[in-house]
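Reading through the structure tokens given below for one structure.
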Number of protein chains: 2
Amino acid sequence: MTADLEITRLRESGGKGFEKVFAFLRERLLAGSLRPGDRLIPERDLAAQLGVSRPILREALRALTVLGVVEIRDRVGTIVRRPDPSVLNDFFTFAFAQQSDVVDDVMQARIAIECQAVRLAAERATVSDFERLQQALARIVDTIDDPDGGSAADFDFHRAVVNAGKSETLIVLHNSLSGILMRSHRGRRELLQVFDSMKTYLIEDHRRIFDAIVGRDPEHAERVLREHFAIGDDFRRRAAIGESDARSAS
Amino acid sequence: MTADLEITRLRESGGKGFEKVFAFLRERLLAGSLRPGDRLIPERDLAAQLGVSRPILREALRALTVLGVVEIRDRVGTIVRRPDPSVLNDFFTFAFAQQSDVVDDVMQARIAIECQAVRLAAERATVSDFERLQQALARIVDTIDDPDGGSAADFDFHRAVVNAGKSETLIVLHNSLSGILMRSHRGRRELLQVFDSMKTYLIEDHRRIFDAIVGRDPEHAERVLREHFAIGDDFRRRAAIGESDARSAS
DNA sequence: CATCTTACCTTGGTCAGACCAGAATACATA
DNA sequence: TATGTATTCTGGTCTGACCAAGGTAAGATG
């Protein structure tokens with residue numbers, strides 16, 4: 001009626017549109033014909049070559065971007081990249097967004113990661129790691145009365161431990177999990193004022209962990225760390241029971 | 001000069017185009033104003049409302065789809081979903097596509113997860129879990145001479161252990177990591193024929209792990225599991241050194 | 001009046017062609 | 001040769017359109 005209808009529609013193989021393009025690129029990426037550093041051909045050309053329109057191609061590209069396998073650089077091109085761990089962060093963030101009840105569960109994973117990492121740290125940590133740990137330790141002591149700073153210092157120490165483990169995978173996972181826990185339990189540290197004994201616990205525990213790492217004793221390091229988590233958990237439990245906790249949501 | 005320039009460009013807040021839309025939706029999703037099950041308003045309306053064109057909105061939606069937070073259903077609408085762990089699989093698949101050298105590193109993470117899980121399993125496992133573990137154990141014995149089946153049985157047992165830990169997060173992570181290791185080390189089990197002593201090791205170790213769980217002894221369970229991994233690692237090392245390993249890639 | 005048909009509207013899926021702005025590069029000039 | 005400018009990419013985005021199938025409500029039927 002109105003006008004044109006010659007063209008359009010299934011040009012060739014596979015799925016339909018986006019699906020096809022995504023699968024195509026995915027395959028290329030996984031197979032290795034496209035490797036990190038490579039630059040894809042211009043969107044217009046690629047779209048034409050794949051028999052889809054540019055918007056569709058862009059959807060696929062964007063999808064890959066989210067997965068961290070490619071990077072679309074404005075006015076430069078699309079570059080293949082080694083997947084960025086931050087993707088996990090995105091995922092976990094969404095996955096555990098409202099389910100605050102799973103925080104404890106995520107914590108189990110964090111404990112798992114850290115306990116393994118601390119073992120590795122005891123074996124692999126370098127002098128530089130020792131220094132970083134020592135600094136983090138000092139920060140914990142300095143900020144013991146400051147909820148915000150203290151929390152940050154605490155996380156820094158634990159991150160330093162994991163980093164000292166020299167396992168890329170553990171580091172990535174730990175970062176993701178920490179992010180979730182941070183977001184969820186922003187004010188967890190606030191109960192610090194409640195138990196004064198907690199201060200010494202915080203300082204002493206971290207110091208013992210540090211000592212264990214320096215002492216190259218994986219077994220002991222893990223035990224101390226586990227204990228550390230257990231005690232922290234206990235404090236939290238007591239706070240939850242003994243007091244009506246004040247909470248603040250933004 | 002040429003002509004029109006009234007419209008187009010920065011309609012309101014934030015970033016530019018895609019970035020803005022993605023951020024907007026992300027915030028909505030994280031904040032909870034959009035929760036699983038909800039259906040977004042039609043693309044056209046949403047696009048107009050956000051001040052972007054439909055293709056751009058679709059890029060954002062597609063990105064969220066990859067993250068598993070929404071599902072675009074043809075001719076129905078866009079539905080908010082609870083992120084699916086399979087996303088992790090996607091990510092890891094890409095992340096470790098060609099980097100087979102990081103397998104050992106991923107293994108560290110798997111050990112971390114399992115060691116924590118086995119502790120939880122020792123505490124939380126139900127009778128049903130015991131049964132499943134027992135069955136897996138039986139399978140290991142039965143398939144001890146079958147490389148393929150044996151490998152599967154092995155994985156099943158370990159998965160059963162993690163499941164018995166009752167931690168969703170650990171289960172998800174373990175699945176992802178196992179997937180990678182499976183893909184990478186398809187024929188790892190082939191060196192079974194080399195060391196005959198390995199057979200008894202496989203059977204005995206798993207039985208001891210099982211016993212520890214049934215015995216409700218987290219400490220012991222972890223120790224045995226760790227030992228199990230260490231010995232397996234040792235076998236592998238010996239195989240690598242002592243023999244020119246035959247490898248087969250598909 | 002209840003049920004079944006059917007036409008219409010909605011909604012995602014896709015396309016084509018256009019314009020912008022800045023990066024890359026070629027080229028002309030000093 | 002060095003430098004500065006013009007041209008060409010290239011991604012980023014917009015507009016407006018068409019298609020096909022899901023939903024739905026009006027109309028036909030028993």
Side-chain angles (χ1 to χ4, degrees), chain A residues 1-25 34 37-66 68-81, chain B residues 1-25 34 37-66 68-81:
Chain A
M1 313 322 188
T2 50
D4 58 295
L5 72 153
E6 344 75 42
I7 43 179
T8 65
R9 194 128 91 279
L10 59 136
R11 194 109 16 172
E12 42 189 273
S13 70
K16 62 289 190 198
F18 171 83
E19 221 66 67
K20 176 176 64 178
V21 178
F22 186 75
F24 173 83
L25 292 174
L34 288 175
D38 290 356
R39 199 172 72 207
L40 270 57
I41 62 178
E43 293 183 357
R44 292 171 177 78
D45 301 339
L46 188 51
Q49 190 170 310
L50 293 177
V52 298
S53 63
R54 200 143 85 93
I56 299 306
L57 202 224
R58 295 201 103 241
E59 282 182 31
L61 255 29
R62 207 60 101 163
L64 292 171
T65 297
V66 171
V69 283
V70 304
E71 178 188 1
I72 305 179
R73 293 176 57 177
D74 197 355
R75 279 151 268 142
V76 174
T78 306
I79 287 84
V80 179
R81 294 189 15 171
Chain B
M1 312 337 181
T2 48
D4 61 292
L5 71 154
E6 342 75 40
I7 43 176
T8 64
R9 196 125 92 282
L10 59 136
R11 193 114 10 174
E12 41 190 271
S13 70
K16 61 287 189 197
F18 171 83
E19 221 67 66
K20 176 176 63 177
V21 178
F22 187 75
F24 173 82
L25 292 174
L34 288 176
D38 290 356
R39 200 174 71 209
L40 270 56
I41 62 177
E43 293 183 355
R44 292 172 178 76
D45 300 340
L46 188 52
Q49 190 170 311
L50 293 177
V52 297
S53 63
R54 200 146 82 93
I56 298 304
L57 172 63
R58 296 202 101 241
E59 282 182 30
L61 291 178
R62 205 61 100 163
L64 291 172
T65 298
V66 171
V69 282
V70 304
E71 177 188 0
I72 305 179
R73 292 178 57 177
D74 197 355
R75 278 152 269 141
V76 173
T78 306
I79 288 83
V80 179
R81 293 189 15 174

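- Closest heavy-atom contact between B/R62 and B/I72: N-CD1, 4.3 Å.
- Under the 4.5 Å side-chain criterion, counting only non-hydrogen atoms from C-beta, B/L25 is in contact with B/L61.
- The distance between atom CD of B/E59 and atom P of C/dT14, rounded to the nearest whole Å, is 13 Å.
- Going from atom CZ of A/R73 over to atom CZ of A/R81 covers 9.5 Å, rounded to the nearest 0.5 Å.
- Residue B/R54 places a side-chain atom within donor-acceptor reach of the base of C/dT14, judged by atom type and a 3.5 Å distance cut-off alone.
- Side-chain contact between A/F22 and A/L64 is present, with at least one heavy-atom pair separated by less than 4.5 Å.
- The distance between atom CZ of B/F18 and atom P of D/dG11, rounded to the nearest whole Å, is 16 Å.
- Between the CD1 atom of B/I79 and the C1' atom of D/dG22 there is a distance of 12 Å, given to the nearest Å.
- Nucleotide D/dG11 holds its P atom 10 Å from the CD1 atom of A/I41, rounded to whole Å.
- The distance between atom NZ of B/K16 and atom C1' of C/dC20, rounded to the nearest whole Å, is 16 Å.
- Rounded to an integer number of Å, the gap from B/L57 CG to D/dT15 P is 13 Å.
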Dump every N/O contact between nucleotides 8-10 of chain D and the protein below 3.5 Å, one line per pair.
none

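- Distance A/I56 CD1 to C/dG12 P: 14 Å, rounded to the nearest Å.
- Distances from the side chain of B/V52 to the nucleotides D/dC14, D/dT13, C/dT14 place D/dC14 closest.
- A/I72 has its CD1 atom 17 Å from the P atom of C/dA23, to the nearest Å.
- Taking both residues in full, the closest heavy atoms of A/G17 and A/I56 are given as C-CG2, 3.9 Å, listed atom of the first, atom of the second, then distance.
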Please set out all donor-acceptor pairs under 3.5 angstrom arising from side-chain atoms of residues 40-48 of chain B, sequence neighbours excluded.
residue	atom	partner	partner atom	Å
B/E43	OE1	B/R54	NH1	2.7
B/E43	OE1	B/R58	NE	3.1
B/E43	OE2	B/R58	NE	3.3

